[in-house]
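Report on one structure; see the data block that follows.
A note on names: the letters A, B, ... follow the listed sequences, proteins ahead of strands, and every chain is numbered from 1.
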Amino acid sequence: MSERRYDPQEIEPRWQRLWADERTWEVPNQPVGRGGGQRSESFEKSYVLEMLPYPSGEPHIGHLKNYALGDAIAHFHRRIGRRVLHPMGYDAFGLPAENNAIKTGVHPRVATDRSIAAYRHWFHRWGISIDWSREFGTHEPRYYRWTQWIFLKLFERDLAYRKEAAVKWCPNDQTVLANEQVIDGRCERCGFEVELRQLEQWFFRITDYADRLLDDLDEIRWPEHVKSMQRNWIGRSSGAEVSFRCHELGIDYPVFTTRPDTLFGATFFVMAPEHPDVFRLAAGTRREAEVHHYVNHALTEKAEDRGAAEKPKTGVPLGRTVRNPISGEQIPMYVADYVLMEYGTGAIMAVPAHDERDHAFAVAYDLPIRRVIEGTPEDGGDAHGLPYTGDGPMVNSGEFDGIHNRAAYDAIVTWLDREGNGHRSVSFRLRDWLVSRQRYWGCPIPIVYCARCGMVPVPEADLPVELPDVEDYKPKGRSPLAAAEDWVSTSCPQCGGPARRETDTMDTFVDSSWYYLRYCDALDDDAAWDRRVLAQWMAVDQYIGGVEHAILHLLYSRFFVKALADMELLDVQEPFEALFTQGMILGPDGYKMSSSKGNVVAPSAIVERYGADAARCYVLFMGPPDQDAAWSDSGVEGVYRFLARLWRLSEDLAGPSSAEPPLEPDGDALTLVRKANWAIEKVTGDMSGRFAFNTAIAAIMELVNEIYRHPVADEAARRFAVATAASLLFPFAPHLGAEVYERLTGRRAWEEPWPAADPAMLTADAFELVCQVNGKVRDRLSAPTGAPREQLEQLALASSRVRARLDGLTVVRVIVVPDKLVNVVAR
RNA sequence: GCGGCGGUGAUGGAAUGGUAGACAUGGCGGCCUCAAAAGCCGCUGUCCCUUGGGGACGUGUGGGUUCGAAUCCCACCCGCCGUACCA
């Protein structure tokens, strides 16, 4: 054995230099000629993409896992003959760089570019196969020029609009937030409790796409839990809108209900404290003061307290009544904080007999409870207990009595429609996307305000509206850009008169909602992309990232693609055909890594100690890649030992002779050749379809172990086995894979087609026949492969161990599974 | 509450109707060495029979389907993630 040691610090930079010098991973676009430009038939494309990183400091271990995963897939796709697009960029705008600027005075651009340099360095050092010719940061004017262009396209189609609304405001970050950025009533970034503010802001009309965003989930290969999160978030429920008329004021109040069948049971009516008509309704009644007091209290209450699950129901009467359109009775109106302004119409019909919340309220305020659906025990419903939310025949419902409530549902909606009192309706939980932010480090919104012309879009030719430098980044409730007077003050593109620029910037999720489109045509300075070039690559065939983006980024991107498709700017309906969500790497203590816990594992330290290959292999070997797993130092050492074992084999066997399998191997050589073919089959299977990288790597380990177990086998067989191990390992540990493969074959692993197993080597002459008696293993015998069932049965019945178990019993039946087992059933 | 996912040795995990525990970690023993490191080889689910070998048990719990169940079905317990006074 060699005296030299496996030294990744020598091997890895050598290959990295070669790949950089030769630009190995660059893939040019196909020329787009007149008329043509569609995807060429001569190759199958594969767009493999990991979520782009937000550059902050240095990459962490989660990045390593993300890119190790994507790179393995990209390499595998290349070697099975696909043309692979595997680009990289940076999600470079955002609050952390800006907050850092406030603290240190360093311009966010400087800090961000420094981080980008670090990320780029490490991606090279990890040996990730990236097409660097397409790299960009979303903070570069050559990119955000087109972000602004998309904004204008949305504005043109009225998909971007400005309106005043009660919006979520983070008092710490001094900016508004999208609904999706509020977690449990707190800012997802800093954890401060959000406040409601009435402000005029920019929105994207994502709600126009709610139905398609929901329905098209069925068309994409995404993990079920991510789809389910999106379905939840969009929250479609179908029901009816029903009008309740207040005669005293002569106003119709519509409510949304999913249970029009219970309309006869609506015995009171409740409005949200935020409902704009609450004060108007109470005005002049003896309840006026009480209503004011209640509403003011509700509006100042913290979101967290108000939403508390076990909170008792409170509310006050408005002193008015509305008419139940179907029963004709006048029912009292209330204001209560359990009704939400943001959902439905901000008012509800209350059916205490068949809704838990309405029931609790009715009990607290002694309101009438009228059952309209009879519960039946076989429906699982208590025939007497209320509230009853199950199904059953209608009662107390006039002409609808006696029919099943599901049938009554349709009948009542039809009746409402005919009488002009309501109609079928669908309600969504999804709100429009609030995209403006009162912060500096983001993409400027390309709009100017002119005293004469009003809101005017910046002409396309004037893009980009460049982000100016400012002195003071500190947020003061308005964008720091507002202080850049020279920049704000401009002239109107329409009339030439004095005008002022929009000083809000865009939510950074806007930047990342289309970056994968730009990669396809990253160098195009005349357009965001050429539709024909986009057609060569889109959609992304495999997207890989963290589950934390299940709603925000993934929903916004889907919305963008649908909106752009409607504008005939691209030809797909979904951006990401398949999605893989990786699990988190936890600290060695099993907790989420955080500097405050002191359990952070820095990839730089691991790579310096064990090399990039060992680090990459280990994060893939830890367990199924979609599962969380705790870091283990001894685990990475084990993988390093495995790589070193393979490397030492190549030391012994290096040389110019071939690594072709021997023609007619026997004995140890045959065992080795078979094992190598078994590994090819196993790794190929683990990588196609499912991403069982952990078991793929385990199979290569088995192969290497087998080679060690047969040190005196025929050299041709050993060379073939080692070269095969290197070839299979290449997608996971590209440096060592290339190194060993070249030593044995003189060729480059990435230029080789993926190996195909020799079917003749996948089966042996004999197999181990498992003999069971009544389902329990009693013996294992060697039997010839492909033997007929009768022969296997006889073999098993001849076994003395089997016979001993059958003593005194009668054989009832014998089950034979060819090439596997025999089960003797005896009584 | 609703939706999704999961529960297997000391540990990460493998096995998706056919030999439970691949592979790796940790542990124990051996070889090499003056010694150590590295490396190589072997053993390692639990309990029992006092061990050449054999037996029983064993995949959260209880039931079911099946010749055969970690795997399929029903009920329950526990954990994680998302969401929630959504009408």
Applying a 3.5 Å limit to both distances, which nucleotide forms a Watson-Crick or G-U wobble pair with B:C67? B:G18

Base-pairing assignment for B:A75 (Watson-Crick or G-U wobble, both under 3.5 Å): B:U61

Give A:R827 one of three labels, base, sugar-phosphate or nothing, depending on what nucleic acid heavy atoms sit under 4.0 Å from its own. nothing

Give the rounded distance in Å between these two atoms: CZ of A:F361 and C1' of B:A87. 14 Å

Using a heavy-atom cut-off of 4.0 Å across all strands, would you classify A:F428 as base, sugar-phosphate, or nothing? nothing

Nucleotide of B:C41, B:U83, B:A87 approaching A:R429 most closely (side-chain heavy atoms): B:U83

Could you tell me which nucleotide pairs with B:C2 by Watson-Crick or G-U wobble geometry, both distances under 3.5 Å, or answer none if nothing does? B:G82

note: A:E342, atom CD; B:A84, atom P; distance rounded to Å ~ 10 Å

Side chain of A:T258 only, heavy atoms from C-beta on: which candidate in B:C85, B:A87, B:G39 is closest? B:A87

What's the gap between B:G12 and B:C67 when it is taken at their P atoms, as a whole Å value? 36 Å

Could you tell me whether A:E637 contacts a base, only the sugar-phosphate backbone, or nothing, with contacts defined as non-hydrogen atoms closer than 4.0 Å? nothing

From OH of A:Y591 over to P of B:G79, roughly how many Å is that when rounded to an integer? 15 Å

Which protein N or O atoms sit under 3.5 Å from an N or O of nucleotides 2-9 of chain B?
unit_1: B:G3; atom_1: O2'; unit_2: A:S228; atom_2: OG; d: 3.0

Over all strands shown, is A:R690 touching base, sugar-phosphate only, or nothing at heavy-atom distances under 4.0 angstrom? sugar-phosphate

Compare side-chain N and O positions of A:K776 against OP1 and OP2 of B:C57 and report whether any pair is under 4.0 Å apart. yes

Comparing A:I551 with A:R645, nearest RNA chain B nucleotide closer to 5' gives the residue A:R645

Pi-cation contact, A:W222 with A:R558 (under 6.0 Å, within 45°): yes

Assign A:P624 to base, sugar-phosphate, or nothing according to its heavy-atom contacts below 4.0 angstrom with the strands shown. sugar-phosphate

So, A:D779 and A:S799: side-chain donor and acceptor under 3.5 Å apart, yes or no? yes

Applying ring-ring contact (aromatic ring centres under 6.0 Å, His included) to A:Y338 and A:F361, what does each step give before you reach the verdict? CA-CA 9 Å; A:Y338 81 94; A:F361 191 84; 5.5 Å; yes

C1' gap between B:G17 and B:G68, integer Å: 8 Å

Look at the rings of A:W631 and A:Y618 and say which category their plane angle falls in: under 30° parallel, 30 to 60° tilted, over 60° perpendicular. perpendicular

How would you label the contact of A:V777 with the nucleic acid (heavy atoms, under 4.0 Å): base, sugar-phosphate, or nothing? sugar-phosphate

Note: A:D215-A:R236 ion pair, threshold 4.0 Å (strictly below): yes

Could you give the CG-to-C1' distance, from A:D626 to B:C80, as a whole number of Å? 14 Å

Is it true that A:E10 and A:R5 have a side-chain N and a carboxylate O under 4.0 angstrom from each other? no

Any Lys/Arg nitrogen of A:D218 or A:R231 sitting under 4.0 Å from an Asp/Glu carboxylate oxygen of the other? yes

Below the 4.0 Å mark, does B:A38 have OP1 or OP2 next to a side-chain nitrogen or oxygen of A:R641? no

B:A84 phosphate, OP1 or OP2, under 4.0 Å from A:R357 side-chain N/O: no

Geometric cation-pi criterion, A:R645 with A:Y708: 6.0 Å, 45°: yes

When all nucleic acid strands are considered with a 4.0 Å heavy-atom cut-off, which category describes A:G235: base, sugar-phosphate, or nothing? nothing

Which residue lies toward the 5' end of RNA chain B, A:A630 or A:S634, if each is placed at its nearest nucleotide? A:A630

Quick one, A:F580 with A:F691, criterion ring-ring contact (aromatic ring centres under 6.0 Å, His included). Give me CA distance, side-chain angles, the key distance, then yes/no. CA-CA 9 Å; A:F580 186 85; A:F691 298 121; 5.2 Å; yes

Would you tell me if any nitrogen or oxygen in the side chain of A:S427 comes within less than 4.0 Å of OP1 or OP2 on B:A87? no

Do A:R690 and A:D686 sit within salt-bridge range, that is, some charged N less than 4.0 Å from a carboxylate O? yes

In whole angstrom, what separates A:F693's CZ from B:G12's P? 22 Å

Without decimals, in angstroms, what is the distance between A:M622 CE and B:A14 P? 13 Å

When you get a sec, tell me which of B:A56, B:U83, B:G26 is the closest nucleotide to the side chain of A:R805? B:A56

Separation between the C1' atoms of B:U65 and B:U11, rounded to whole Å: 35 Å

Whole angstrom value for the distance that separates C1' of B:A38 from OH of A:Y6: 16 Å

Would you call the rings of A:Y253 and A:H275 parallel, tilted or perpendicular if under 30° counts as parallel and over 60° as perpendicular? perpendicular

For B:G53, what is the paired nucleotide under Watson-Crick or G-U wobble rules, both distances under 3.5 Å? B:C49

Pairing partner of B:C40, by Watson-Crick or G-U wobble and under 3.5 Å for both distances, is B:G30

Between B:G21 and B:U71 - C1' atom distance, rounded Å: 15 Å

Would one find a side-chain N or O of A:R648 under 4.0 angstrom from OP1 or OP2 of B:A38? no

Side-chain N or O of A:R709 closer than 4.0 Å to phosphate OP1/OP2 of B:C40: no

Quick one: sort the A:W647 and A:Y6 rings into parallel, tilted or perpendicular, breaks at 30° and 60°. tilted

Please list, in numerical order, the residues of residues 694-706 of chain A that have a heavy atom closer than 4.0 Å to any atom of RNA chain B. A:N694, A:T695, A:A698, A:M701, A:E702, A:N705

Between B:C86 (P) and A:I234 (CD1): distance, integer Å: 19 Å

Between A:K675 and A:E702, does any side-chain N to carboxylate O distance fall below 4.0 Å? yes

When you compare B:G9 with B:C76, how far apart are their C1' atoms, in angstrom units rounded to a whole number? 26 Å

